[in-house]
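Quantities reported herein were computed from a predicted structural model and do not represent experimental measurements. Here is the naming used below: chain letters follow the sequence lines, and residue numbers restart at 1 for every chain.
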Amino acid sequence: MSDVTTPQLQENGVAAASAVDTTVWRVGTVVAAEPESTSGRSLIIDVPGWGGNLAGQHTDLRLTAPDGYQAVRSYSIASAGPGERIELAIDEVPNGEVSPYLVEDVMVGDQLELRGPLGGWFVWRPEDTGPVQLIGGGSGIVPLISMIRSRAAANSTAPFRLLYSVRAPEDAFYRAELERPAPGLDVTWLYTRRTPDDWARPAGRITPADLAAATLPPSENPMVFVCGPTGFVEAVADALVGLGHPAARVKTERFGGA
Amino acid sequence: MAVISRGFGGHRRESDPSLPPGQYLTTDFPVLSAGPTPRITTDEWEFSIATESGAVHKWNWEQLHALPVVDVDTDIHCVTRWSKLGTHWRGVSLDTLFEGVDTSYQYVMEHSYGGYTTNVPLADLMGNKAWIVTEFDGAPLDPEHGGPARLLVPHLYFWKSAKWIHGLVMQKTDQPGFWEQNGYNLYGDPWLEQRYS
């Protein structure tokens with residue numbers, strides 16, 4: 001957007017200082033794999049030469065079959081900061097080509113290739129001190145958890161709120177971590193199909209009333225990050241503008257396809 | 001030599017010569033955008049081409065539709081790796097819109113409602129290669145896909161086909177637009193896999 005200045009990634013300390021080439025493929029080795037929901041899994045991957053990443057960035061991931069066939073997909077990174085170890089969290093797309101392999105098949109010790117980090121728009125930097133509203137749907141939590149972790153690692157006191165919408169309790173990614181939020185992080189859960197027992201709000205899709213009740217108001221001028229499936233992001237972004245948030249303060253990222 | 005990912009390859013997609021390298025086929029129409037979807041009515045919609053002389057050529061919705069409207073069947077390729085083959089659009093060729101435009105500049109900045117920008121060489125908009133489209137698959141273009149009108153430059157990655165198109169500004173030099181300032185390639189040829197800067 002012409003009225004938004006976006007510093008180049010290279011100006012930030014993470015990738016720039018070391019002048020790491022973000023365009024080359026690096027070999028990563030899976031060092032841990034944990035289920036994150038009924039359909040998702042997080043992978044921790046050691047990537048020698050990785051130059052660190054900002055919260056919210058993504059990476060290209062390349063798989064090569066024994067006969068040379070390759071497939072590449074982009075995934076948001078759940079971790080942030082310097083270092084050569086990154087975390088991804090993948091939700092299995094039914095009949096997908098890559099996600100079922102990453103969720104069901106890949107094992108500790110397996111190798112794959114990564115290139116990045118990528119993207120300079122849907123990012124949060126620790127030097128940003130203003131209030132932040134995060135709104136995630138399903139596995140759209142991944143770049144948002146990266147921002148939450150980046151805030152904690154930097155001992156940032158920027159006010160953070162998260163509204164996290166999932167179908168049912170067992171569909172949440174990073175539940176344990178989000179149930180013990182750092183000071184200054186406020187987490188609200190929303191269930192679209194089935195709630196926990198004794199839950200006040202009936203199951204249902206997110207509404208403008210939910211956003212008015214459980215997110216930072218426009219008067220606090222938060223930067224709002226919205227990530228999830230397209231329908232979720234469209235509905236939330238429209239409602240935020242309707243509540244009075246300037247469009248330029250609402251950053252969106254969507255996922256779809258396989 | 002790429003490393004082999006043990007056990008990968010069992011669920012591969014069929015390859016298709018219509019797919020540029022690194023793309024996969026989708027039958028959905030995924031959405032990629034950076035912020036809320038602008039809601040622009042056809043009454044308020046306006047499109048302009050501004051040149052170095054200060055001339056601004058303007059069209060409103062009726063004036064656009066008074067021009068020859070053509071059918072466009074084409075494949076589209078998003079930098080996020082999906083491709084969609086055989087999409088059907090209707091709109092007005094940029095050749096038609098540039099007929100009365102006098103410029104010596106060789107580059108264009110596309111401007112959208114909502115503030116999005118993307119850069120493209122003028123040569124890539126000429127020669128029956130680019131259109132202002134207002135229909136997709138026989139229906140008015142949805143706002144989330146860029147309606148009421150978007151640019152269609154299908155031989156480049158799809159972010160060059162600016163949604164909610166509002167105007168073109170001639171540029172003396174090839175300046176980066178929004179995504180180009182955020183890590184994406186200045187030109188974006190999918191067949192050369194020019195994804196990133």
Gap between atom CG of L25(B) and atom CD of E97(A) - 0.5 Å precision | 11.0 Å
Please look at H245(A) and chain B and tell me whether the side chain, the backbone, both or neither of the residue comes under 4.5 angstrom of a heavy atom of that chain.
-> neither
Polar contact flag, side-chain donor to acceptor under 3.5 angstrom, Q111(A)-S5(B) | no
salt_bridge(R81(B), D60(A)) N-O dist < 4.0 Å | yes
Answer yes or no: is there an ion pair linking D238(A) with R39(B), defined by an N-O contact shorter than 4.0 Å?
-> yes
Relative to chain B, which segment of R115(A) carries a heavy atom at a distance below 4.5 Å: side chain, backbone, both, or neither?
-> side chain
Residue pair E234(A), T37(B): steps toward the side-chain hydrogen bond (donor to acceptor under 3.5 Å, both in side chains) verdict = CA-CA 7 Å; E234(A) 282 290 316; T37(B) 296; 2.8 Å; yes
Counting only heavy atoms not in D71(B), do more than 12 fall under 6.0 Å of its CG?
-> yes
When you check the side-chain N and O atoms of T80(B) and R73(A), is any donor under 3.5 Å from an acceptor?
-> no
Between chain A and each of S112(B), P143(B), S33(B), P38(B), count heavy-atom pairs under 4.5 Å; write down the option with the most.
-> S33(B)
Which atoms of V106(A) come close to chain B, meaning under 4.5 Å heavy atom to heavy atom: side chain ones, backbone ones, both, or neither?
-> backbone
Mind checking the CZ-CG spacing from R6(B) to L63(A)? Nearest 0.5 Å is all I need.
-> 11.5 Å
Measure distances from V241(A) to the heavy atoms of chain B and classify the residue's part below 4.5 Å as side chain, backbone, both or neither.
-> side chain
Which bit of F122(A) is near chain B, if near means a heavy-atom gap under 4.5 Å: side chain, backbone, both or neither?
-> neither
Give the ring-plane orientation class for W121(A) versus F178(B), where under 30° counts as parallel, over 60° as perpendicular and anything between as tilted.
-> perpendicular
